[in-house]
Amino acid sequence: MTPFTEAVLQIILDIPKGKVMTYGQIAHMAGNPNGARQVSRILHAMSKKYNLPWHRVINKKGEISLSGEGLETQKQLLERGGVKFLNSKKVDLQNIYHS
DNA sequence: CTGCTGACGGTTC
DNA sequence: GGAACCGCCAGCA
């Protein structure tokens, strides 16, 4: 477990309900400005072992990067938290959390 | 240990 | 405005 991974997990857990963050933002805050991709890897791997709110993480366009059922699951979870959607994939950019 | 993959993002055509 | 390319490096077989 690298410090980067830990930081990423912390940040994700720290995202307030009803807000979302982009991979790039998280990576940058975790101390790795170019580690957006690693964030996605961490999400995938760690959400199985830990109970992570992975659904609060989206790409920079403000869209959900998944498709099919994953997309619907994420959408449901976000809407349940009060996040508004502009369309089936895109999240309202005002819901993006920045500290 | 080695190599491949990828829930991304910035830059360059 | 949009497609293509490249760098980044943590997991996993």
Side-chain angles (χ1 to χ4, degrees):
Chain A
M1 180 82 86
T2 74
F4 174 68
T5 303
E6 271 189 79
V8 170
L9 296 178
Q10 284 303 310
I11 292 165
I12 292 173
L13 290 170
D14 199 46
I15 301 175
K17 176 187 172 192
K19 296 284 180 179
V20 293
M21 279 185 90
T22 69
Y23 298 93
Q25 268 183 329
I26 295 170
H28 188 78
M29 287 174 65
N32 200 321
N34 297 50
R37 261 179 127 149
Q38 285 63 272
V39 175
S40 72
R41 302 235 121 241
I42 291 166
L43 243 60
H44 232 275
M46 299 310 184
S47 57
K48 297 178 182 175
K49 309 179 187 333
Y50 302 79
N51 204 6
L52 282 181
W54 58 271
H55 49 273
R56 303 216 182 123
V57 187
I58 58 183
N59 64 26
K60 210 185 179 190
K61 291 172 282 189
E63 297 178 326
I64 295 174
S65 300
L66 292 174
S67 56
E69 300 186 34
L71 183 146
E72 296 191 16
T73 304
Q74 184 164 13
K75 190 182 171 189
Q76 292 295 318
L77 289 165
L78 287 176
E79 284 184 324
R80 199 175 78 179
V83 176
K84 295 173 188 173
F85 276 77
L86 301 181
N87 61 52
S88 50
K89 260 188 157 180
K90 199 164 188 179
V91 170
D92 190 334
L93 295 177
Q94 291 193 32
N95 287 301
I96 292 179
Y97 173 70
H98 72 96
S99 54

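All values derive from a computational prediction rather than experimental measurement. Naming convention: chains lettered A, B, ... in sequence-line order (proteins, then strands); numbering from 1 in each chain.
Screening A/K19, A/K17, A/M21 for a side chain to side chain contact (heavy atoms under 4.5 Å, CB included) involving A/R56 leaves a single residue, A/K17. A side chain to side chain contact (heavy atoms under 4.5 Å, CB included) with A/V57 is found for exactly one of A/I64, A/L52, A/I26, A/I42, namely A/I26.
In this structure, CD of A/E6 is placed 11 Å from P of C/dG11, rounded to the nearest angstrom. One can place CG of A/L9 at 13 Å from C1' of C/dG11, the figure rounded to the nearest angstrom. Protein atom CG of A/L66 is 13 Å distant from nucleotide atom P of B/dG6, rounded to whole Å. One can place CD1 of A/I26 at 15 Å from C1' of C/dA10, the figure rounded to the nearest angstrom. Summarising the geometry, the separation between NZ on A/K49 and P on C/dG11 is reported as 10 Å, rounded to the nearest angstrom. The nearest whole Å value for the distance from the CD1 atom in A/I12 to the C1' atom in B/dA7 is 11 Å.
Counting only distance, with no hydrogens or angles, the side chain of A/T5 and the backbone of A/M1 share no donor-acceptor pair below 3.5 Å. Distance alone, capped at 3.5 Å, is enough to place a donor-acceptor pair between the A/N87 side chain and the A/K90 backbone. A donor-acceptor pair is defined here as one N or O able to donate and one able to accept, closer than 3.5 Å; such a pair exists between the side chain of A/Q74 and the backbone of A/H55. With A/Q38 contributing its side chain and A/N32 its backbone, the two residues share no donor-acceptor pair below 3.5 Å.
Looking at every heavy atom in both residues, A/G35 comes nearest to A/A27 through C-CB, 3.4 Å. The heavy-atom pair separating A/L93 from A/G62 by the smallest distance is CD2-CA, 3.9 Å.
Within a 6.0 Å radius of NZ in A/K60, no more than 12 heavy atoms belonging to other residues, nucleotides or ligands are found.
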Short heteroatom pairs, N/O only, protein and nucleotides 3-5 of chain B, under 3.5 Å:
residue: B/dT5; atom: O2; partner: A/R41; partner atom: NH2; Å: 3.4

Checklist outcome for this item: The contact string for nucleotides 8-13 of chain B, one letter per nucleotide 5' to 3', using protein heavy atoms under 4.0 Å with B, S and - for base, sugar-phosphate only and none, comes out as BSS---
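No engagement by A/M1 is indicated, since no non-hydrogen atom pair under 4.0 Å with the nucleic acid exists.
The residue among A/Q38 and A/A45 whose nearest nucleotide of DNA chain C is located toward the 5' end is A/Q38.
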